[in-house]
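Data block below; observations after.
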Amino acid sequence: MFSSKSIRIIFIAIVFMMLLVPGVSAHRVYLQEQIKDVQIKTWFGGGDPMVDAEISIYAVKNGQEELYIEDRTDSEGLYHFTPKLGVSEYRVVVSESGHKNEKTFNLAAGSLASQEEAELPLYANIISGLGYIVGLAGFAMYFSSRKANN
Amino acid sequence: MHISDGVLSFGVVVIGWVIALSISAFILWRCKSQYDLAESIPKISIMTAAFFVASLVHVSIGPTSVHLLLNGLLGVVLGIMAFPAMLVGLTLQSFLFQHGGITTIGINNVMMGIPAILAYWIFRFGYRKGFSPAFLGALCGALGILLSGIFLALFLISTGEEFLEVAYAAALVHVPIMIIEGIITGSVVTFLLKVRPELLPFDMEV
């Protein structure tokens with residue numbers, strides 16, 4: 001059987017645990033964040049911002065596209081807009097005298113500051129391009145030397 | 001000054017490809033039948049490599065970002081072979097650097113290649129008339145850029161842009177590039193004439 005000492009310890013422990021439980025509230029609280037502002041950053045390869053570029057924002061709902069905003073970027077290549085209520089998917093097209101790119105994104109998809117696209121470091125691209133040129137030159141030389149031998 | 005994918009309509013893109021490929025094919029056929037191309041392959045490759053990398057050199061002035069083109073230099077040093085050389089350079093640029101679009105390689109080739117050929121003709125004409133090569137080189141280096149800007153404005157008419165407005169804006173932002181390329185082309189030509197005059201294609205009849 002339990003000794004009176006162990007009963008006392010159990011009793012104290014139960015009282016302690018009741019103290020630790022936070023006050024039970026009658027209403028459950030719901031919380032949802034509202035994303036107020038979407039920032040669009042535009043820049044050229046090399047890092048210069050696209051200043052005063054035309055920007056068109058299309059709201060995509062159930063696969064249907066609708067032009068939402070047409071404006072220009074500011075002096076830092078940034079543009080801010082407030083999302084349309086209930087629409088979380090947007091397609092943004094930015095263009096400036098012959099340069100153009102677009103991106104489709106979903107606000108509900110989580111990570112908001114989307115990562116910049118991972119790409120090979122620049123020097124790798126340069127070296128591979130020079131490699132192609134050397135290869136083409138070798139190819140051309142091979143054919144012209146064959147012609148000369150004949 | 002590259003035009004990106006999706007800016008121009010399908011028709012303009014197709015016309016660009018047709019013009020670029022037919023001019024390239026004609027030039028290759030013409031040079032093959034008249035000259036020994038094997039000797040100039042190293043020269044063409046080096047200039048293609050220079051053209052390919054040059055577009056990474058940025059100058060940021062005003063609202064847009066401009067980069068070196070070197071099309072005037074290619075024209076003066078390579079002659080009409082500059083056009084097919086640029087086709088190779090532009091293809092590599094669009095795949096590796098995402099400069100310009102893949103569908104617009106043809107139209108970009110026309111935009112930069114035809115000014116290169118014009119620069120070559122002007123240089124050859126002036127050189128035979130006895131003008132200073134340094135001055136002619138500087139002039140043609142700058143002219144390559146200016147003419148490309150005019151071509152850009154011409155192509156952008158099809159998207160509803162105003163010709164004069166775009167041409168003026170393109171010329172204005174490219175003024176620093178024109179100065180830099182004028183200096184580069186002028187010094188390269190002077191240098192080559194001193195050490196290896198046979199590298200310059202002035203005895204060619206095309």
Side-chain angles (χ1 to χ4, degrees), chain A residues 42-54 56 58 72-77 91-104 116-150, chain B residues 1-8 28 32 36-53 55-67 85 88-89 91-93 95-101 104 107-108 111 149 152-153 155-156 159 161 165-166 169-170 173:
Chain A
T42 60
W43 70 97
F44 292 109
D48 292 315
M50 288 177 79
V51 179
D52 200 33
E54 288 164 33
S56 315
Y58 297 88
R72 283 174 176 277
T73 56
D74 67 8
S75 59
E76 287 164 25
R91 187 165 74 92
V92 176
V93 182
V94 63
S95 62
E96 195 264 332
S97 63
H99 303 90
K100 185 177 185 178
N101 204 355
E102 63 170 72
K103 180 161 191 168
T104 306
E116 287 173 30
E117 284 165 44
E119 54 181 44
L120 277 173
L122 189 59
Y123 68 85
N125 285 330
I126 296 173
I127 291 168
S128 56
L130 296 181
Y132 275 111
I133 292 169
V134 171
L136 279 175
F139 194 68
M141 278 173 166
Y142 170 72
F143 276 101
S144 49
S145 76
R146 247 185 22 161
K147 202 173 67 182
N149 286 344
N150 291 344
Chain B
M1 209 188 280
H2 301 58
I3 299 179
S4 311
D5 281 329
V7 173
L8 300 170
L28 286 175
K32 204 174 135 195
D36 185 16
L37 265 184
E39 273 178 25
S40 48
I41 288 170
K43 182 178 82 171
I44 295 169
S45 313
I46 291 169
M47 294 311 293
T48 310
F51 174 77
F52 163 68
V53 180
S55 75
L56 292 175
V57 180
H58 290 274
V59 178
S60 37
I61 285 193
T64 187
S65 159
V66 291
H67 54 77
V88 174
T91 307
L92 290 171
Q93 279 174 354
F95 277 101
L96 294 171
F97 300 155
Q98 282 81 46
H99 280 197
T104 50
I107 205 89
N108 283 331
M111 184 172 81
L152 172 74
F155 296 143
L156 289 183
T159 65
E161 302 262 6
E165 205 177 295
V166 178
V173 298

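We name chains A, B, ... by the order of the sequence lines, and we start the count at 1 in each one.
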Practice problem: Measure B/Ile44 against the heavy atoms of chain A and call it side chain, backbone, both or neither at under 4.5 Å. | Solution: neither

Quiz item: Where on B/His2 is there a heavy atom nearer than 4.5 Å to chain A: the side chain, the backbone, both, or neither?
Solution: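 Just its backbone gets close to chain A.
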
Practice problem: May I ask you to name which of A/Ala137, A/Gly129, A/Ala140, A/Ala53 has the most heavy-atom pairs under 4.5 Å with chain B? | Solution: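 Answer, by heavy-atom pair count under 4.5 Å with chain B: A/Gly129.
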
Quiz item: Atom CG in B/Leu96, atom OH in A/Tyr132: separation rounded to 0.5 Å?
Solution: 6.5 Å

Exercise. Kindly compute the distance separating CG (B/Leu92) from CD1 (A/Ile126), expressed to the nearest 0.5 Å.
Key: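 If I round to the nearest 0.5 Å, the distance is 12.5 Å.
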
Quiz item: Which residues satisfy the salt bridge (Lys or Arg N to Asp or Glu O under 4.0 Å) test with A/Glu76, sequence neighbours excluded?
Solution: none

Quiz item: Between the main-chain N or O of B/Phe97 and the side-chain N or O of A/Asn125, is there a donor-acceptor pair closer than 3.5 Å?
Solution: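 Judged by distance alone, no pair lies under 3.5 Å.
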
Quiz item: With distance as the sole test, does A/Lys100 use its side chain to make a donor-acceptor pair with the main-chain N or O of B/Ser4 at under 3.5 Å?
Solution: no

Quiz item: Does a side-chain heavy-atom distance below 4.5 Å link B/Thr48 with A/Leu136?
Solution: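 Side-chain contact under 4.5 Å: no.
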
Quiz item: Partners of B/Phe95 by ring pair (Phe, Tyr, Trp, His ring centres under 6.0 Å), sequence neighbours excluded?
Solution: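 Ring pair (Phe, Tyr, Trp, His ring centres under 6.0 Å) list for B/Phe95, sorted by chain: empty.
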
Quiz item: Any idea which heavy atoms bring B/Phe52 and A/Ile133 closest together, and the distance?
Solution: CB-CD1, 4.1 Å

